[in-house]
**Student:** 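Before I ask anything, here is the structure I am working with.
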Number of protein chains: 2
Amino acid sequence: MSIEDKQKLQRNDRVTIRTVATHAGVSVAAVSKVMRNAYGVSEGLRAKVTDAIEALGYRPSRAARGLRGRSFTIGVLLIDIRNPFLPEVIAGVNAVLAPSHYQAMIGVSDARVQLETSLIESMIDYKMDGLILVAPRLPSEIIAKFAVQIPIVAVGYHDAAATAFDTVNADDQRGAEIAVEALLTQGYRDIEMLSLGEREGHAVSVVRQREIGFRRAMQRGGLGSSAPIGKIPIASPKREEAMRKFLSRKDRPRAVFCWSDLDAITLLSLAMEMGVRVPDDLAVIGYDNSSTAALGLVNLASIDQSGRELGQVATRTLISRIEGRAGAEHIFQIPSLVSRNSLSRSAGASGA
Amino acid sequence: MSIEDKQKLQRNDRVTIRTVATHAGVSVAAVSKVMRNAYGVSEGLRAKVTDAIEALGYRPSRAARGLRGRSFTIGVLLIDIRNPFLPEVIAGVNAVLAPSHYQAMIGVSDARVQLETSLIESMIDYKMDGLILVAPRLPSEIIAKFAVQIPIVAVGYHDAAATAFDTVNADDQRGAEIAVEALLTQGYRDIEMLSLGEREGHAVSVVRQREIGFRRAMQRGGLGSSAPIGKIPIASPKREEAMRKFLSRKDRPRAVFCWSDLDAITLLSLAMEMGVRVPDDLAVIGYDNSSTAALGLVNLASIDQSGRELGQVATRTLISRIEGRAGAEHIFQIPSLVSRNSLSRSAGASGA
DNA sequence: CGACAAATGTAGAACGTTCTCCATATAACG
DNA sequence: CGTTATATGGAGAACGTTCTACATTTGTCG
């Protein structure tokens, strides 16, 4: 070590890998080896280095790491932070990551394709080790293009044909079927689905999948000819308006399946205001089994897809890919019905 | 440009600042100058460089940037992603950041001090340009220590004496006062607060502040001697249990102020189950004015503190500090009452 | 025309890691 | 003892930026 180096050490207070090396009386390369527990490190060396790290409170710079090797960070991209289902996914991700040396950084795209793209690029530019995209809006080819640069797992994105990236999904078709079957079992025949309007065209989207499942189950139940699907806009003023219109239709169905609890709960609320009794006049099933649905005040039957578990599985899948797995995996989880009063008075709060 | 450089360009496909420089026929330093729009760049040079960037689709590596200078990223630390108030703050942050060249990366600490610390350290190690901590659990001295290394703005953290970092808060004391005043105006005298139990001791926490405001307003109303504050645990089984116990007490108060909508809504729900009529038997005011509170089904009066605005203000404050402001700022916002049926039948859904 | 100032562009040293060789020490074997 | 394998540690070149110091050109003024 030269004299200039020593001087530098004095005035600059940041503890770097070099400080550790000096303190432990070993080379920089040795410290790096210990950090990454690479091959060729003796017990003695390891001990010396670990002690020095401890004593100095050394933390490797992620920026510098990213420049050369891995950054031990995985990026999570959320389409929207307001949908209460998504925080569940995050919780699952964090649960798996907590004991590891990885950390999650989250970006929120607010459903804007451009922001989504630029966030993904940023995460790549940070040299993150992998990405979990939750319900991305981007077309499959684009995601595949990014997947060349960084391991990617998409959650809530139905594209079992993708070869460049993995997908982890609840079986949304099956979920919708389960909802319809439950309504059929209760004796309902006059069933409609309320889906998400506007944009959101791709078949990859969970919403489309639920529509497909809805149609199939209706068909099986002998109601194929009339399986109407209404569209509810996302934006707030129009949204309530569309629901009010639905509720006041005189050919209003006897039962409705909503693509998300978000809509189902608002629908329940408006129904109460307008004097439509649930489930007597109208049975309602939602999707996601959000915590609000479980409230006694709301008591909404819903399809449970455990976002938490989805997050956990996605994280494990991503890590396995980071650590070398080739070949895409496409994982499905089977959702289940949580029966509550909005489906049938007798149902109570018992699970399915 | 040497021959080796040319060869490297061929096999390595990453577009770096060097690629751009070669393509534009200028130096690397020149490109960097244009990127940072630094002093000493002619129109001609700027044009050449911008064209090259455009043509090559160049994106600067954040990792490399972080190593030397700024990374144009700001970190946001959330204590919890499930409280629906927090996404609002994020929305505010993103709104301010969107038109700028900054981006937000979010970390979730799940209220665990250790995870919180390590996330802050990570963000520093990433050379992020600044941090927004939302309702951090860390003591002020620790935050101050971090603030030496990176500009910090704390949101929902009451420490107007802090000199090392800025704070942005809703005036939680005032919010609680407003709630009590509203109850007093409705003629209630028998008022209790339901606060957050367990941990969360510091006076910096919003919860403590609301307790202080509650006590003061009760005192002013001549009810100083009896301003009882109950504690509700966070964890789920005990939480409902405590609320049930509260609701079935025979000396149950006529009105209650809950520290958060989260609790108020569950309370409303249990009240319905147990046959306690709201507001006739029990008036309820919550805090945060979450979207669930606004549902007709719930109809919970609440104190609105606009998380969105808090996020916007915090972001602007942080940026001004990043760009050189010294001296701490401590900003307050005044919350307002949103009156709804849980306070008084006549209230309807009209604002305050 | 000479002297000085201002404007513009460049070279090259950081920044803090990782990781590929390479050097040395030790062990194993005939 | 010489040879070869193996285990251990180190030197030093990347990685892609930023930014200071300097060189060059152009402009201005007496």
Side-chain angles (χ1 to χ4, degrees), chain A residues 1-2 4-5 7-9 11-22 24-49 53 56 58-73 121-122 124-127 129, chain B residues 1-2 4-5 7-9 11-22 24-49 53 56 58-73 121-122 124-127 129:
Chain A
M1 181 181 207
S2 75
E4 298 105 271
D5 279 349
Q7 287 180 337
K8 202 177 303 157
L9 234 58
R11 87 180 108 82
N12 194 344
D13 50 348
R14 161 128 206 161
V15 176
T16 78
I17 198 173
R18 202 159 286 122
T19 327
V20 176
T22 321
V26 299
S27 76
V28 169
V31 178
S32 176
K33 271 189 181 173
V34 171
M35 296 290 305
R36 299 171 286 131
N37 41 19
Y39 173 83
V41 176
S42 69
E43 267 321 300
L45 181 72
R46 157 159 278 118
K48 271 193 292 185
V49 171
I53 288 176
L56 297 169
Y58 165 69
R59 300 189 320 256
S61 152
R62 302 220 166 208
R65 274 192 155 167
L67 194 51
R68 197 82 225 304
R70 323 239 307 248
S71 66
F72 292 100
T73 306
E121 289 176 344
S122 275
I124 293 175
D125 297 344
Y126 260 122
K127 279 275 177 63
D129 297 333
Chain B
M1 181 182 206
S2 76
E4 300 104 89
D5 278 351
Q7 286 179 336
K8 201 176 306 158
L9 233 59
R11 89 179 106 83
N12 192 343
D13 50 350
R14 160 126 206 162
V15 176
T16 77
I17 199 172
R18 203 159 286 121
T19 328
V20 176
T22 322
V26 299
S27 74
V28 168
V31 178
S32 177
K33 268 190 179 175
V34 171
M35 297 288 306
R36 300 170 287 132
N37 42 19
Y39 173 83
V41 175
S42 70
E43 266 322 298
L45 181 71
R46 157 160 279 114
K48 271 193 292 186
V49 171
I53 288 176
L56 296 169
Y58 165 69
R59 299 189 320 254
S61 152
R62 301 221 167 206
R65 273 192 157 167
L67 194 53
R68 198 83 226 304
R70 324 242 304 251
S71 66
F72 292 102
T73 306
E121 289 176 345
S122 276
I124 293 176
D125 296 344
Y126 260 123
K127 279 276 178 62
D129 296 333

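Here is the naming used below: chain letters follow the sequence lines, and residue numbers restart at 1 for every chain. Being a predicted model, the structure only gives us computed values, none of them experimental.
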**Student:** Hey, is the side chain of B:Tyr126 poking within less than 4.0 Å of OP1 or OP2 on C:dC15, counting only N and O atoms?
**Tutor:**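 Looking at the OP1 and OP2 atoms of C:dC15, neither is under 4.0 Å from any side-chain N or O of B:Tyr126.
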**Student:** How many Å lie between CZ on B:Arg18 and P on D:dT17, as a whole number?
**Tutor:**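 Checked: the CZ to P distance equals 8 Å.
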**Student:** How long is the gap from CD1 on A:Ile53 to CD1 on A:Ile17, to the nearest 0.5 Å?
**Tutor:**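 CD1 of A:Ile17 is found 8.0 Å from CD1 of A:Ile53.
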**Student:** Only one of B:Arg65, B:Arg59, B:Arg62 passes salt bridge (Lys or Arg N to Asp or Glu O under 4.0 Å) with A:Asp125; say which it is.
**Tutor:**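 Single pass found, and it is B:Arg59.
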**Student:** Mark yes or no for whether A:Asp129, through its side chain, and A:Phe72, through its backbone, hold a donor-acceptor pair below 3.5 Å.
**Tutor:**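 At least one qualifying donor-acceptor pair exists.
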**Student:** Tabulate protein N/O versus nucleotide N/O from nucleotides 6-10 of chain C, keeping only pairs under 3.5 Å, one per line.
**Tutor:**
{"unit_1": "C:dA7", "atom_1": "OP2", "unit_2": "B:Tyr39", "atom_2": "OH", "d": "2.9"}
{"unit_1": "C:dG9", "atom_1": "OP1", "unit_2": "B:Ser42", "atom_2": "OG", "d": "3.0"}
{"unit_1": "C:dG9", "atom_1": "OP2", "unit_2": "B:Ser42", "atom_2": "N", "d": "2.9"}
{"unit_1": "C:dG9", "atom_1": "OP2", "unit_2": "B:Ser42", "atom_2": "OG", "d": "3.0"}
{"unit_1": "C:dG9", "atom_1": "N7", "unit_2": "B:Lys33", "atom_2": "NZ", "d": "3.0"}
{"unit_1": "C:dT10", "atom_1": "OP2", "unit_2": "B:Ser27", "atom_2": "N", "d": "3.0"}
{"unit_1": "C:dT10", "atom_1": "OP2", "unit_2": "B:Ser27", "atom_2": "OG", "d": "3.0"}

**Student:** So which one's nearest nucleotide on DNA chain D is more toward 5', A:Leu67 or B:Arg70?
**Tutor:**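 It is A:Leu67 whose nearest nucleotide is closer to the 5' end.
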**Student:** Can you check side-chain hydrogen bond (donor to acceptor under 3.5 Å, both in side chains) on B:Tyr58 and B:Thr16, steps first, answer last?
**Tutor:** CA-CA 7 Å; B:Tyr58 165 69; B:Thr16 77; over 6 Å; no
**Student:** Classify the side chain of A:Arg68 and the base of C:dT18 as holding, or not holding, a donor-acceptor pair under 3.5 Å.
**Tutor:**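 Side chain to base: pair found, below 3.5 Å.
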**Student:** Counting the atoms with a prime plus P, OP1 and OP2 as sugar-phosphate, which does A:Arg62 contact under 4.0 Å by heavy atoms, base, sugar-phosphate, or nothing?
**Tutor:**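 Nothing, no nucleic acid heavy atom in range.
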**Student:** I want to check something: taking the side chain as every heavy atom from C-beta on, are B:Ser71 and A:Tyr126 in contact at a cut-off of under 4.5 Å?
**Tutor:**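 Sidechains of A:Tyr126 and B:Ser71: in contact.
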**Student:** Let me check something: any side-chain donor-acceptor pairs from residues 24-38 of chain A under 3.5 Å, sequence neighbours excluded? List them with distances.
**Tutor:**
{"unit_1": "A:Ser27", "atom_1": "OG", "unit_2": "A:Ala29", "atom_2": "N", "d": "3.4"}
{"unit_1": "A:Ser27", "atom_1": "OG", "unit_2": "A:Ala30", "atom_2": "N", "d": "3.0"}
{"unit_1": "A:Ser32", "atom_1": "OG", "unit_2": "A:Arg36", "atom_2": "NE", "d": "2.9"}
{"unit_1": "A:Ser32", "atom_1": "OG", "unit_2": "A:Arg36", "atom_2": "NH2", "d": "3.2"}
{"unit_1": "A:Arg36", "atom_1": "NE", "unit_2": "A:Ser32", "atom_2": "O", "d": "3.2"}

**Student:** Report the distance from atom CE of B:Met35 to atom P of D:dT17, rounded to the nearest whole Å.
**Tutor:**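 Whole-Å distance recorded here is 8 Å.
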**Student:** B:Ala63 and A:Gly66: which non-hydrogen atoms are nearest, and at how many Å?
**Tutor:**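 Taking every non-hydrogen atom into account, CB-C, 4.0 Å.
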**Student:** Is there a side-chain contact between A:Ser61 and A:Arg14, using heavy atoms and a 4.5 Å cut-off?
**Tutor:**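 A:Ser61 vs A:Arg14: side chains touch.
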**Student:** B:Arg65 CZ to C:dG16 C1': how many Å, rounded?
**Tutor:**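 Between C1' of C:dG16 and CZ of B:Arg65: 19 Å.
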**Student:** From CZ of A:Arg36 over to P of C:dG16, roughly how many Å is that when rounded to an integer?
**Tutor:**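 So the two atoms are 18 Å apart, to the nearest Å.
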**Student:** List the atom of A:Val49, the atom of A:Val20, and the distance in Å for their closest heavy-atom pair.
**Tutor:**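 A:Val49 and A:Val20 have their closest heavy atoms at O-CG1, 4.4 Å.
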**Student:** Specify the separation, in whole Å, of atom NZ of B:Lys127 and atom P of C:dC15.
**Tutor:**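 In whole Å, C:dC15 P and B:Lys127 NZ are 9 Å from each other.
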**Student:** Using a cut-off of under 3.5 Å, enumerate the N/O to N/O pairs linking the protein to nucleotides 22-26 of chain C.
**Tutor:**
none

**Student:** To the nearest Å, give me how far apart CD (A:Glu121) and P (D:dG16) are.
**Tutor:**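 Atom CD in A:Glu121 sits about 17 Å away from atom P in D:dG16.
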**Student:** Looking at every strand, decide which applies to A:Ser32 at a 4.0 Å heavy-atom threshold: base, sugar-phosphate, or nothing.
**Tutor:**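 Base, at least one base atom sits under 4.0 Å.
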